[in-house]
Amino acid sequence: MFRFKVLGPLEVYRDDCVRTPSAPKLRRVLGLLLLRADSVVDMQSVIDELWGDRPPMSAVTTTQTYIYQLRKELNRDRQRLITKPPGYLLRLGEDEFDALTCEQLIDQGNRLLEKDRPNEASDVLGEALALWKGPPLANTPCGVLLQAHAVHLEELRIRALGTRIEADMRLGRARTLIAELRSLVVLHPLNEWFHARLIEALYRAGRRGEALQAFQSMRMTLRDELGLEPAEPLRRLQRSILDGADPPPLAACGA
């Protein structure tokens, strides 16, 4: 059985033995096929990914060689990688690809939260986030197409993280979220949603002064970096803290 991973370094395992291609360009071809699994990837897309707008005269032949090398490894137990004009199609089995598993878990977690089942949602989303071992495709140089996929995956991770935090807030875990949220606002200083959740968590933990300080710190960051004031939901949050009222509801992370 094969297992493919892109939520961190691109890795390939067959029966728990590492079978990751050592050649960077071979990893790029495999990464593109994986992230468009069960869809035909045309030859020109592979060439564009590998060489951009300056392909060598041998681009088609070289691409065919890469496909041959991948097919020789991947088709050991069944026909995973096939030629299908105008390109190639990679078929993946159940539970073989971490990105697909992650998306399925995130969808499940979102549905659970919509049904007001935050405890189960938090567990499922935590399971999804545990699949991440670093930036997507961390060991693979990305061209334009792979970079777009990597950006999409990172945005998916951020939304899943936000939903899991939302579930934990509903469970009254504000105090235990503070350290994590402090780290997140350092890593994502312009993400107002993470700032808002940190401010709310501090306030719900009875640390009103720190919550107001966190708002001012976020306000200065936005002014210095973007020349902007905090959005209205954050200003409403500040007013509720000043008034000693319950924080207003926030939109979902990434909404």
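For reference, positions follow the sequence shown, starting with 1. Model, not experiment: these values are computed from the prediction.
- Side-chain N or O atoms of Thr163 include one that pairs as donor or acceptor with a backbone N or O of Arg159 at under 3.5 Å.
- In this structure, Met220 places its CE atom where only 12 or fewer heavy-atom neighbours from other residues, nucleotides or ligands lie under 6.0 Å away.
- For Glu192 (side chain) and Ala231 (main-chain N/O), a donor-acceptor pair under 3.5 Å exists by modelled atom type.
- Put simply, the side chain of Pro230 reaches to within 4.5 Å of the side chain of Leu222, judged on heavy atoms.
- Using a 4.0 Å cut-off between a side-chain N of Lys or Arg and a carboxylate O of Asp or Glu, Arg235 and Glu232 qualify as a salt bridge.
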Worksheet entry | Verdict with supporting geometry, Glu210 and Ile199, side chain to side chain contact (heavy atoms under 4.5 Å, CB included) | CA-CA 8 Å; Glu210 290 180 62; Ile199 294 164; over 6 Å; no
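- A donor-acceptor contact under 3.5 angstrom links the side chains of Asp48 and Gln44, judged on distance only.
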Item to complete: Before giving the answer on salt bridge (charged side-chain N to carboxylate O under 4.0 Å, His left out), spell out for Arg157 and Glu154 the whole-Å C-alpha distance, their side-chain angles and the decisive distance to 0.1 Å.
Response: CA-CA 5 Å; Arg157 186 185 73 84; Glu154 184 60 21; 2.7 Å; yes
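- Residue Leu10 is grouped with residue Leu92 when hydrophobic side chains (ILVMFWY) are merged at heavy-atom distances under 4.5 angstrom, including chains of intermediate members.
- Phe215 and Val186 fall into different hydrophobic clusters, where Ile, Leu, Val, Met, Phe, Trp and Tyr side chains are chained together by heavy-atom contacts under 4.5 Å.
- Taking CG of Leu137 as the start and CG of Leu35 as the end, the distance is 6.0 Å to the nearest 0.5 Å.
- Taking both residues in full, the closest heavy atoms of Phe194 and Ile165 are given as CE2-CD1, 4.2 Å, listed atom of the first, atom of the second, then distance.
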Item to complete: Start with the C-alpha gap between Tyr203 and Glu200, add the side-chain angles, then the distance that decides, and say whether side chain to side chain contact (heavy atoms under 4.5 Å, CB included) holds.
Response: CA-CA 5 Å; Tyr203 180 51; Glu200 181 182 355; 5.6 Å; no
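- Using a 4.5 Å cut-off on side-chain heavy atoms (C-beta onward), Arg182 and Leu198 make contact.
- Within a 6.0 Å radius of CZ in Arg76, other residues, nucleotides and ligands contribute more than 12 heavy atoms.
- Thr101 OG1 to Arg3 CZ: the interatomic distance, rounded to the nearest 0.5 Å, is 10.5 Å.
- Checking Ser240 against Asp243 by side-chain atom types alone, no donor-acceptor pair falls below 3.5 Å.
- The backbone N or O of Ile241 sits less than 3.5 Å from a side-chain atom of Arg208, completing a donor-acceptor pair.
- Linking Ile, Leu, Val, Met, Phe, Trp and Tyr whenever their side-chain heavy atoms come within less than 4.5 Å leaves Leu112 and Leu129 in two separate clusters.
- Atoms CD and NZ, from Glu96 and Lys5 in turn, are 13.0 Å apart once rounded to the nearest 0.5 Å.
- In terms of modelled atom types and a separation under 3.5 Å, the side chain of Ser45 and the main chain of Val41 share no donor-acceptor contact.
- When side chains are defined from C-beta on, Asp224 does not count as touching Thr221, because their heavy atoms never get closer than 4.5 Å.
- Taken together through direct or relayed side-chain contacts under 4.5 Å among Ile, Leu, Val, Met, Phe, Trp and Tyr, Leu237 and Leu242 form part of one hydrophobic cluster.
- Arg91 approaches Asp38 most closely through the heavy-atom pair CA-OD1, 3.4 Å.
- Within the 4.5 Å cutoff, the side chain of Thr140 has no heavy atoms near those of the Pro24 side chain.
- For an aromatic pair to be called close, the ring centres must be under 6.0 Å apart, and Phe2 with Phe4 satisfies this.
- Closest of all the heavy-atom pairs between Leu30 and Leu90 is CD1-CD2, 4.5 Å.
- Judged by distance alone, the side chain of Asp42 and the main-chain N or O of Gly87 form no donor-acceptor pair under 3.5 Å.
- Taking CD from Gln79 and CG from Asn75, the interatomic distance works out to 4.5 Å, rounded to the nearest 0.5 Å.
- Using a distance-only test at 3.5 Å, with no hydrogens or angles considered, a donor-acceptor pair links the side chain of Arg28 to the main chain of Glu49.
- Between the side chain of Arg27 and the main chain of Asn139, a donor-acceptor pair closer than 3.5 Å is present.
- Of all heavy-atom pairs between Leu125 and Gly109, the closest is CG-CA, 4.0 Å.
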Worksheet item: Are Gln69 and Leu26 close enough, and set up right, to give a side chain to side chain contact (heavy atoms under 4.5 Å, CB included), and what steps lead you there?
Response: CA-CA 8 Å; Gln69 292 174 342; Leu26 203 55; 3.7 Å; yes
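- Between Pro55 and Ile47 the shortest heavy-atom distance is CB-CG2, 3.7 Å.
- No side-chain heavy atom of Pro233 sits less than 4.5 Å from a side-chain heavy atom of Trp193.
- Under 3.5 Å, the side chains of Arg71 and Thr83 contain a donor-acceptor pair of N or O atoms.
- Put simply, the side chain of Thr20 gets close to the backbone of Val12: a donor and an acceptor are under 3.5 Å apart.
- Taking CZ of Arg164 as the reference point, atom CD1 of Ile106 lies at 12.5 Å (rounded to 0.5 Å).
- Here the side chains of Leu161 and Leu184 are in contact, with some heavy-atom distance below 4.5 Å.
- If you chain together hydrophobic residues whose side chains sit under 4.5 Å apart, Leu190 and Leu234 fall into the same group.
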Item to complete: Begin from the C-alpha positions of Arg219 and Glu229 and carry the test side chain to side chain contact (heavy atoms under 4.5 Å, CB included) through to its verdict.
Response: CA-CA 6 Å; Arg219 186 178 189 182; Glu229 288 290 331; 2.8 Å; yes
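- Glu120 places no side-chain N or O within 3.5 Å of a backbone atom of Arg117 that could act as its donor or acceptor partner.
- In this structure, the side chains of Leu81 and Leu33 come closer than 4.5 Å at one or more pairs of heavy atoms.
- Taking CG of Leu212 as the start and CZ of Arg207 as the end, the distance is 13.0 Å to the nearest 0.5 Å.
- Under the 30°/60° scheme for interplanar angles, the aromatic rings of Trp51 and Tyr66 are found to lie parallel.
- In this structure the side chain of Asn191 reaches within 4.5 angstrom of the side chain of Ile158, judged on heavy atoms.
- Tyr13 and Glu11 share a side-chain donor-acceptor pair at under 3.5 Å.
- When all heavy atoms are compared, the tightest approach of Asp77 to Leu74 is OD1-O, 4.0 Å.
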Fill in: Step-by-step salt bridge (charged side-chain N to carboxylate O under 4.0 Å, His left out) determination, Lys133 to Asp98
CA-CA 11 Å; Lys133 308 302 179 186; Asp98 65 349; over 6 Å; no
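- At least one donor-acceptor pair under 3.5 Å links the side chain of Thr63 to the backbone N or O of Ala59.
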